[in-house]
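A quick write-up on the structure given underneath.
Excluded from the calculations below are hydrogen atoms, water molecules and symmetry mates; all remaining heavy atoms, backbone and side chain alike, are included.
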Amino acid sequence: MRLSHTFAFTASLLAGLCLSSATAQTADYPTRPITMVVGYSAGGGTDVLARIVAEKLAASLGQPVVVENRPGVGAIVGSTYVAKAKPDGYTLLMGASGPMVFNHALYAKLPYGPQDFAPVTLVGISPMVLLVNANNPVKSVQELVAFSKQNPDKSNYGASSASFQLITELFNNKTGGRFMYIPYKGANDSVTAVMTGDVTMTLADVGPANVGLQSGRVKPLAVTSAERLKDFPNVPTLSELGIDLKASLWNGLLAPAGTPPAIVKRLQEEVARVIELPDVKKRISGMSVIPYTNTPEDFSKFIASEIVLWTQVAKDNNIKAN
């Protein structure tokens with residue numbers, strides 16, 4: 001055998017052994033505990049959702065799934081940690097629309113990008129409800145928008161973060177509304193501001209919206225989901241009203257880029273099974289979140305399209321991170 005042929009044979013043999021070893025590791029996955037990182041403090045919606053999924057995922061995978069909170073700077077800290085982690089399926093991110101989409105629209109530079117992640121699946125979506133004061137005489141979105149055009153100096157909206165601000169500015173763009181932005185610290189604060197008459201309207205996720213509605217001091221005019229919500233069967237979608245706007249906050253599971261496709265597929269299948277469990281559906285729905293899963297390919301396309309949309313909205317309205 002020639003020397004060159006010997007080298008070629010040896011290289012081929014080593015490559016085969018490496019591939020065989022990697023395949024074996026993937027087939028055995030997982031063999032040790034998995035860490036699911038949350039970029040927010042414990043007790044928040046993303047954290048609670050992560051713990052619901054982690055508990056059931058551990059049972060199905062046969063290994064502990066430990067939720068680790070790494071809060072800071074709009075979830076940039078936790079997201080960056082996972083983006084730079086070893087792509088072996090043992091460090092995952094319970095991501096959210098804020099760090100995965102809206103941060104890209106607002107920050108000129110981030111320590112991570114969509115190319116640094118392998119999307120696994122969406123887990124839940126949170127549509128919003130358009131609220132006005134219960135004593136506001138308007139009875140529809142059309143009347144509300146007409147009022148803002150006639151009284152721009154008296155029309156404003158409360159938003160608790162850039163995410164809500166971007167979505168409401170898109171509402172302005174789609175309807176010709178003249179609502180001015182008033183910042184608030186939290187979604188509950190924005191709803192309270194509508195109750196007290198400090199702002200004309202707000203778009204709030206379902207949890208805070210329900211708190212306001214139970215008080216009887218606000219009323220819903222529309223929802224931003226594709227279909228009517230079970231919690232608000234008599235409230236029309238914006239699409240029904242002829243307004244081309246569908247928007248939701250969301251959570252989804254992601255792994256570092258380069259994670260073996262077989263592991264990503266295994267995780268997606270297990271999460272999809274977990275989300276369909278009756279007790280899990282009940283717990284997630286009880287958070288005013290709609291349980292929802294998709295394929296890694298669809299999740300990746302969804303993130304890409306969202307980044308394009310909200311980056312343009314931020315640019316059009318000169319909205320940047322503080």
Side-chain angles (χ1 to χ4, degrees), residues 26 29-30 32-40 42 44-71 75-104 112-126 248-277 280-281 283-285 287 289-304 306-307:
T26 300
Y29 173 84
R32 55 188 171 87
I34 296 168
T35 298
M36 186 183 293
V37 174
V38 172
Y40 303 97
T46 301
D47 176 73
V48 173
L49 188 61
R51 293 178 190 277
I52 291 172
V53 173
E55 176 189 350
K56 299 292 186 178
L57 200 57
S60 63
L61 292 175
Q63 290 289 341
V65 179
V66 181
V67 175
E68 182 177 308
N69 299 93
R70 288 180 172 266
I76 291 175
V77 172
S79 302
T80 303
Y81 177 81
V82 176
K84 299 182 182 304
K86 187 176 179 179
D88 55 7
Y90 290 96
T91 304
L92 307 174
L93 177 70
M94 181 55 78
S97 47
M100 292 296 105
V101 172
F102 292 111
N103 279 357
H104 292 295
Y112 62 87
Q115 73 280 357
D116 295 317
F117 295 95
V120 177
T121 179
L122 276 167
V123 173
I125 57 176
S126 303
S248 296
L249 304 180
W250 54 263
N251 288 103
L253 192 67
L254 303 102
T259 299
I263 290 179
V264 172
K265 184 174 185 293
R266 172 86 189 278
L267 287 168
Q268 188 275 330
E269 290 173 346
E270 293 296 344
V271 172
R273 188 191 63 78
V274 163
I275 295 300
E276 287 300 314
L277 295 174
V280 171
K281 274 190 171 182
R283 291 170 70 185
I284 294 178
S285 298
M287 299 168 59
V289 174
I290 300 172
Y292 187 91
T293 61
N294 58 359
T295 66
E297 294 76 18
D298 286 343
F299 190 19
S300 181
K301 291 176 183 177
F302 173 71
I303 291 173
E306 287 270 283
I307 290 174

Are N103 and Y112 close enough that a side-chain donor and a side-chain acceptor fall under 3.5 Å?
yes

Before giving the answer on side-chain contact (heavy atoms from CB on, under 4.5 Å), spell out for L254 and V82 the whole-Å C-alpha distance, their side-chain angles and the decisive distance to 0.1 Å.
CA-CA 9 Å; L254 303 102; V82 176; over 6 Å; no

Determine yes or no for a side-chain-to-main-chain donor-acceptor pair under 3.5 angstrom, with N251 supplying the side chain and V123 the backbone.
no

Give a yes or no on whether the backbone of I76 and the side-chain of S79 come within a donor-acceptor separation of less than 3.5 Å.
no

Rounding to 0.5 Å, atoms OG1 (T46) and CG (L249) come to a distance of 9.0 Å

Value rounded to 0.5 Å, distance of CD in E306 from NE2 in H104
12.0 Å

Is there a donor-acceptor contact under 3.5 Å from the side chain of D47 to the main chain of G44?
no

Going through the checks in order, is the side-chain contact (heavy atoms from CB on, under 4.5 Å) test met by M36 and V66?
CA-CA 6 Å; M36 186 183 293; V66 181; over 6 Å; no

Validate the cation-pi geometry between R32 and Y90: distance from NZ or CZ to the six-membered ring centre under 6.0 Å, angle to the ring axis within 45°.
yes

Which atom names give the shortest non-hydrogen contact between L277 and K56, and what distance separates them?
CD1-CD, 4.0 Å

Is it true that W250 and F302 have ring centroids separated by less than 6.0 Å?
yes

Output for pair (T91 OG1, E68 CD), nearest 0.5 Å, gives 8.5 Å

Between CE on residue M94 and CG on residue N69, distance to nearest 0.5 Å:
12.0 Å

So, for I303 and P119, which heavy atoms are closest and what is the spacing to 0.1 Å?
CD1-CG, 4.1 Å

Looking at N294 and T121, would you say the former's side chain and the latter's main chain have a donor-acceptor pair under 3.5 Å?
no

How long is the span from the CG atom in L122 to the CG atom in L253, to the nearest 0.5 Å?
10.5 Å

Salt bridge (charged side-chain N to carboxylate O under 4.0 Å, His left out) between R266 and E269, intermediate numbers included:
CA-CA 5 Å; R266 172 86 189 278; E269 290 173 346; over 6 Å; no

Salt bridge (charged side-chain N to carboxylate O under 4.0 Å, His left out), that's the test. Do E55 and R51 meet it? Break it down for me.
CA-CA 6 Å; E55 176 189 350; R51 293 178 190 277; over 6 Å; no

Does a side-chain heavy-atom distance below 4.5 Å link V280 with P291?
no

Value rounded to 0.5 Å, distance of OG1 in T35 from CG in L93:
12.0 Å

Exactly one of V120, D298, I275 should register a side chain to side chain contact (heavy atoms under 4.5 Å, CB included) with T293. Which one does?
I275

Okay, side chain of Y40, backbone of A75: is any donor-acceptor separation there less than 3.5 Å?
no

Test side-chain contact (heavy atoms from CB on, under 4.5 Å) on M287 and I52; report intermediate values, then the result.
CA-CA 11 Å; M287 299 168 59; I52 291 172; 3.9 Å; yes

Ignoring hydrogens and angles, tell me if any N or O in the side chain of S300 forms a donor-acceptor pair with the backbone of P296 under 3.5 Å.
no

Indicate yes or no for a side-chain donor-acceptor contact from T259 to the backbone of A255 under 3.5 Å, with no hydrogens or angles considered.
no

R273/E270 salt bridge by N-O under 4.0 Å criterion
yes

